[in-house]
Amino acid sequence: MQLRDYIIRRLIVLPILLLGVSIIVFSLTRIAGSPVGVYLSHEMSAAEVLQIEQRFNLDKPLPVQYFYWLKGVFQGDFGWSGVASAPVADVFPAKFAATMELSITSAIVAVALGLWLGTYAGVRRNKMPDHITRIVAVSAASLPLFWFGILLLIVFWANLGWFPVGRSTNDIWESIAHPTGFYIIDSILAGSLTALLDALWHLVLPSITLGFGGVAIIARMMRSSLIEELQQDYVDAARAKGLPERLVLKRHAKRNALVPTVTVIGLTIAFLMQGAIAAEIIFRWPGLGRWMADAVVRGDQATIMTYVLFTSVLFLLANLVVDIIYAKLDPRVRLGD
Amino acid sequence: MTDASSPLRRPSLPRETALRVRMRRSGELAVKILSNPTTIFGFVIILLMLSMALFAPWLTTPNAPDPYQMPRDWGALRMPPGTPNHPLGTTNTGGDVLYGIIWGSRTSLQLSIIVVSVTVVIGTAIGSIAGMVGGKIDEILMRIVDVFLSIPELIFALAIAAILGPSFTNIILSLCLVFWVKYARIMRAQIILVKQNDYVDAARIMGDSRLNIYFRDILPNAATPVIVQATLDMGAIVLIGATLSFIGLAESGIAEWGVLVSEGQAGIASGRWWASTFPGLMIFLWALAFNLVGDGLRDALDPRTEGR
């Protein structure tokens with residue numbers, strides 16, 4: 001199969017998968033009963049309730065309701081969030097920016113540290129540093145993210161007072177405009193160094209917490225693919241022509257070892273989306289994750305549906321991009337099922 | 001082909017030899033598994049955890065009427081570790097942290113055993129049907145699996161548990177609904193691989209029934225990756241279950257590690273570090289132990305990954 005055909009096929013499958021996800025999500029929320037409750041109050045009569053049901057098409061059969069819901073989603077109407085007391089679509093952008101900012105800095109932590117650790121261990125295979133790295137990686141994969149965050153808070157916030165919780169210091173946040181919702185970008189646009197430092201200062205602990213789990217996934221993959229590359233003939237050839245070991249590693253082995261490592265980045269994105277919920281609770285980060293956590297505890301259906309749908313879209317797109325990059329980078333990849 | 005009275009029957013192997021070969025192989029496998037120090041370390045932690053769960057009623061006085069509910073000692077609120085009768089301190093509401101840790105091991109054991117066994121059975125069944133039958137049924141089942149895999153598992157479980165209503169039972173149920181998919185996919189791939197072996201063709205030519213071939217020739221040879229995955233999941237499920245209860249999907253006041261970490265959170269600003277730290281450490285050790293054993297098992301069962 002040609003790469004182009006492969007991409008086209010994947011793009012056709014993508015909306016079908018999303019449709020499946022939306023059916024699952026919709027059926028799930030309807031198991032809990034009619035969502036009419038959000039619009040009701042105690043003094044309403046039966047006739048009024050019926051009127052409301054008719055207005056939102058809740059008196060129709062389920063497949064018809066699904067159709068109306070899906071139509072709403074396509075028009076940007078995701079329903080009313082009980083937790084935020086506002087339409088989901090109105091609250092979403094600001095929270096999305098907060099979560100994205102945190103996820104991106106965490107991804108930087110995860111990728112930088114993961115690649116470094118994986119290379120470090122792979123070069124020193126079966127020596128002490130390798131064993132230590134392996135233990136660190138297994139530990140990171142077993143670490144409850146929410147507990148790790150709390151430990152950091154106990155040490156660096158409660159005891160040492162070095163780092164704050166929350167996303168910003170109130171006065172500084174209010175002193176600049178927020179056109180993008182990304183605090184770092186906003187502070188650079190406003191030309192305020194105080195705001196930039198404030199943004200970075202608040203990002204340190206949550207980014208380490210969220211990024212650390214991703215380190216394990218990336219480091220292990222990098223290590224094993226580097227070991228495989230170092231056994232290849234071209235590495236011997238590079239050494240034989242007298243290239244210094246540092247360059248053999250940098251220009252040849254490491255570059256090729258990155259190819260399989262790209263595949264786990266999709267996994268890391270799912271990991272970040274999931275971890276963001278706990279990290280945002282602990283660090284009082286006003287993002288999508290904490291919103292979802294509140295919605296989950298209080299049964300806010302519209303928010304739950306939107307969040308699940310959104311993360312699935314992101315997850316599927318990330319995997320698609322990763323697969324395409326992988327197929328492009330490594331021509332040996334068999335395209336097909 | 002599958003006529004039982006057919007003269008072409010599977011020649012019965014000399015039973016004793018087969019048994020001896022099998023025993024020798026399991027012996028070799030055990031030696032191989034136990035030669036890895038990190039695997040032994042994992043085994044030791046698991047054994048300690050299991051004995052803690054088993055002897056819970058003798059280690060602490062069970063809370064009446066429900067031992068899975070944290071006992072409240074209103075005379076000893078927020079006590080630091082080292083307090084008499086409360087060696088690991090107490091929570092904001094006077095719950096003994098040590099009690100929570102010990103009975104929490106039972107809660108975690110229940111959670112992981114129920115979820116792993118249910119999902120392995122469902123996943124193996126569905127994966128086997130898809131792999132054995134093939135065709136349209138395979139296509140339909142695998143498209144369903146694809147849809148399930150499109151939602152990140154923690155978020156999926158979170159949404160299901162939220163909609164079923166907050167309770168520990170619903171956490172178990174939601175994890176069962178999410179985790180079977182992985183096994184179905186692994187099993188299907190394995191079956192398709194094993195089916196291509198000559199000995200399967202041989203059995204078919206001999207006139208064995210499809211069910212017989214499946215149970216005697218295919219399933220035992222396809223099970224390895226499922227066993228490894230199940231071991232890893234014994235840890236992962238406690239990790240995810242604790243995350244769900246940390247977020248607030250379990251009843252408050254139960255002896256469960258995630259709930260304890262969550263309840264301890266409120267005290268850290270005032271320096272009460274113990275109520276979150278110890279239960280969280282248990283979740284970490286539990287997951288770590290099963291990860292180590294799962295890795296060791298994979299290395300021993302699949303020589304290709306050795307030393308990687």
Side-chain angles (χ1 to χ4, degrees), chain A residues 13 16-21 23-25 28-29 31-32 125-126 131 134-135 138-139 141-148 150-151 153-155 157-159 223-224 227-228 269-271 273-275 277-278 281-282 292-297 299-301 304-305 307-309 311-312 315-316 319, chain B residues 38 42 142-144 146-156 158-166 232 235-236 238-240 242-244 246-249 257-258 261-262 264-265 267-273 276-277 279-281 283-292 295 305 307-308:
Chain A
V13 175
I16 300 174
L17 284 177
L18 284 176
L19 203 68
V21 170
I23 291 174
I24 290 185
V25 170
L28 263 180
T29 50
I31 291 170
R125 185 184 179 188
N126 289 336
H131 293 308
R134 190 176 170 182
I135 292 168
V138 180
S139 304
S142 318
L143 202 60
L145 189 145
F146 57 93
W147 180 63
F148 181 53
I150 288 176
L151 290 185
L153 275 184
I154 290 173
V155 177
W157 175 67
N159 282 318
R223 174 184 176 273
S224 64
I227 286 173
E228 197 156 300
I269 286 172
F271 181 86
M273 296 305 304
Q274 310 195 47
I277 300 175
I281 296 175
I282 299 158
M292 173 69 171
D294 287 343
V296 156
V297 176
D300 178 352
Q301 293 192 7
I304 297 173
M305 286 162 99
Y307 189 78
V308 175
L309 213 54
T311 46
S312 307
F315 184 45
L316 287 172
N319 277 326
Chain B
T38 55
M142 282 307 112
R143 289 301 84 80
I144 294 174
D146 282 346
V147 171
F148 270 73
L149 285 171
S150 306
I151 312 173
E153 45 191 31
L154 173 74
I155 289 163
F156 199 7
L158 190 65
I160 298 175
I163 280 149
L164 294 175
L232 294 170
V238 167
L239 208 56
I240 293 188
T243 307
L244 295 185
F246 172 80
I247 290 169
L249 284 168
W257 297 335
V261 175
S262 170
Q265 222 190 151
I268 60 171
S270 355
R272 293 192 302 276
W273 52 272
S276 285
T277 306
L281 183 65
I283 305 172
F284 170 60
L285 287 177
W286 181 288
L288 181 68
F290 281 102
N291 266 334
L292 291 175
D295 277 355
T305 60
R308 285 251 214 112

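Numbered from 1 within each chain, the chains take letters A, B, ... in sequence-line order. Values in this document were obtained by computation on a predicted structure and should not be read as measured data.
Between chain B and the options V138(A), L145(A), I16(A), I135(A), heavy-atom pairs under 4.5 Å are most frequent for V138(A). For the set L153(A), N159(A), D294(A), I282(A), the entry with the most heavy-atom pairs within less than 4.5 Å of chain B is I282(A). Heavy-atom pairs under 4.5 Å with chain B peak, among S139(A), G20(A), A278(A), A293(A), at S139(A).
Heavy atoms of L249(B) lying under 4.5 Å from chain A belong exclusively to its side chain. Of the two parts of L281(B), the backbone and the side chain both hold a non-hydrogen atom closer than 4.5 Å to a non-hydrogen atom of chain A. Contacts between M292(A) and chain B at a heavy-atom distance below 4.5 Å involve the side chain alone, from C-beta outward. Using a 4.5 Å cut-off between heavy atoms, F156(B) touches chain A through its side chain atoms alone. Heavy-atom distances place no part of I23(A) under 4.5 Å from chain B, backbone and side chain included. Proximity to chain B (any heavy atom under 4.5 Å) is restricted, for I24(A), to the side chain, taken from C-beta onward.
Atom CD of Q274(A) is separated from atom OG1 of T243(B) by 9.0 Å, given to the nearest 0.5 angstrom. The CZ atom of R272(B) lies 11.5 Å from the CD1 atom of I154(A); values are rounded to the nearest 0.5 Å. To the nearest 0.5 Å, atoms CG (L239(B)) and CZ (F146(A)) are separated by 7.0 Å. How far OG of S262(B) is from CD1 of I150(A): 7.5 Å, rounded to the nearest 0.5 Å. Between the CG atom of L17(A) and the CG atom of D146(B) there is a distance of 6.0 Å, given to the nearest 0.5 Å. In this structure, CD1 on I277(A) lies 11.5 Å from CZ on F246(B), to the nearest 0.5 angstrom.
Closest heavy-atom contact between F315(A) and L149(B): CE2-O, 3.3 Å. Counting all heavy atoms, side chain and backbone alike, I283(B) lies closest to P144(A) at CG2-CG, 3.6 Å. Taking all atoms of both residues into account, the shortest heavy-atom contact from F284(B) to S142(A) is CD1-O, 3.6 Å.
Looking at I163(B), L158(B), L244(B) one by one, the single match for side-chain contact (heavy atoms from CB on, under 4.5 Å) with V296(A) turns out to be L158(B).
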